[in-house]
Amino acid sequence: MEGDSDTFSGLGNGGGGGGQIDSKVVQTFQKSFVQVQNILDQNRLLINEINQNHESKMPHNLTRNVGLIRELNNNIRRVVDLYGDLSSSFAKSMDASSEGDSSGAAKSDGKTGLKRNRPA
């Protein structure tokens, strides 16, 4: 995520959208995305090593691939979990920001409506 420090910069100050997103939420998103990127970088290294071991056809290297593939699968599960958490956090922050929105777009059940207020 190099060079992506501005990815969420428009969100912390309202971003032109409905409500202002708390900078703490933005920091949480950034932290999660950095974690995901680190895991994906690690996966790239694991995949390269798995491929090299496979190409070598040496029994020891092929046996080692079993553990490397398990680690890769666990990393993929972690990425899925992180994205799930991000999605949930994002939905909650959108609900919270729409509750404070004076447009009346939030329904009493916490779900946002599809109607937009138009200027008269």
Side-chain angles (χ1 to χ4, degrees):
M1 295 228 349
E2 296 172 48
D4 287 347
S5 61
D6 295 337
T7 302
F8 298 105
S9 62
L11 296 177
N13 60 11
Q20 183 172 354
I21 298 178
D22 189 341
S23 64
K24 187 174 182 180
V25 173
V26 173
Q27 289 174 348
T28 301
F29 288 157
Q30 287 175 325
K31 180 182 172 192
S32 294
F33 283 123
V34 167
Q35 285 178 305
V36 166
Q37 189 60 52
N38 289 338
I39 294 169
L40 294 176
D41 290 342
Q42 183 182 6
N43 285 356
R44 184 182 331 105
L45 296 174
L46 284 170
I47 290 168
N48 287 340
E49 186 175 349
I50 289 167
N51 285 336
Q52 288 172 358
N53 289 345
H54 182 73
E55 289 171 3
S56 77
K57 293 184 171 51
M58 294 176 61
H60 173 71
N61 289 346
L62 295 175
T63 301
R64 178 165 162 67
N65 272 359
V66 173
L68 294 175
I69 291 169
R70 284 191 181 126
E71 184 178 351
L72 182 64
N73 284 336
N74 287 333
N75 285 353
I76 291 169
R77 281 189 201 98
R78 286 173 51 206
V79 168
V80 168
D81 289 344
L82 283 167
Y83 276 131
D85 293 346
L86 269 170
S87 176
S88 177
S89 294
F90 184 74
K92 287 177 186 174
S93 70
M94 290 294 99
D95 284 346
S97 68
S98 68
E99 286 174 9
D101 191 354
S102 62
S103 70
K107 296 181 181 177
S108 61
D109 62 2
K111 296 181 181 176
T112 57
L114 298 176
K115 292 185 177 180
R116 292 172 45 186
N117 289 340
R118 297 183 193 171

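All figures in this text were calculated on a predicted structure; none of them were measured in a lab.
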Expected output: side-chain Thr63 to main-chain Pro59 donor-acceptor under 3.5 Å:
yes
If only atom types and distance count, is the side chain of Ser32 paired as donor or acceptor with the main-chain N or O of Thr28 below 3.5 Å?
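Judged by distance alone, yes, a pair lies under 3.5 Å.
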Do Leu82 and Leu86 come close enough that some side-chain heavy atom pair is under 4.5 Å?
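No. Closest side-chain heavy atoms not under 4.5 Å.
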Show, in sequence, the C-alpha distance, side-chain angles and deciding distance for Asn74 and Arg77, and conclude whether the side chain to side chain donor-acceptor pair (under 3.5 Å) test is met.
CA-CA 5 Å; Asn74 287 333; Arg77 281 189 201 98; 2.7 Å; yes
What is the minimum heavy-atom distance between Asn65 and Glu49, and which atoms define it?
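In terms of heavy atoms, the two residues are closest at OD1-O, 4.2 Å.
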How far does [atom1] of [X] sit from [atom2] of [Y], to the nearest 0.5 angstrom?
{"X": "Asp85", "Y": "Phe29", "atom1": "CG", "atom2": "CZ", "value": "11.0 Å"}
{"X": "Ile76", "Y": "Asp81", "atom1": "CD1", "atom2": "CG", "value": "12.0 Å"}
{"X": "Leu68", "Y": "Asn51", "atom1": "CG", "atom2": "CG", "value": "11.0 Å"}

Partner residues of Asn75 under the side chain to side chain contact (heavy atoms under 4.5 Å, CB included) criterion, sequence neighbours left out:
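Asn75 satisfies side chain to side chain contact (heavy atoms under 4.5 Å, CB included) with Ile39, Gln42, Asn43, Leu46, Glu71, Arg78 only.
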Could you list the residues that satisfy side chain to side chain contact (heavy atoms under 4.5 Å, CB included) with Ser56, not counting sequence neighbours?
Met58, Asn61
Any chain of hydrophobic side-chain contacts (each under 4.5 Å) joining Phe90 to Phe33?
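Yes, Phe90 connects to Phe33 through the hydrophobic network.
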Transitive ILVMFWY side-chain link Leu62 to Ile50, under 4.5 Å
no
Tell me whether Arg44 is salt-bridged to Asp41, with the criterion being a basic N under 4.0 Å from an acidic carboxylate O.
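A salt bridge links Arg44 with Asp41.
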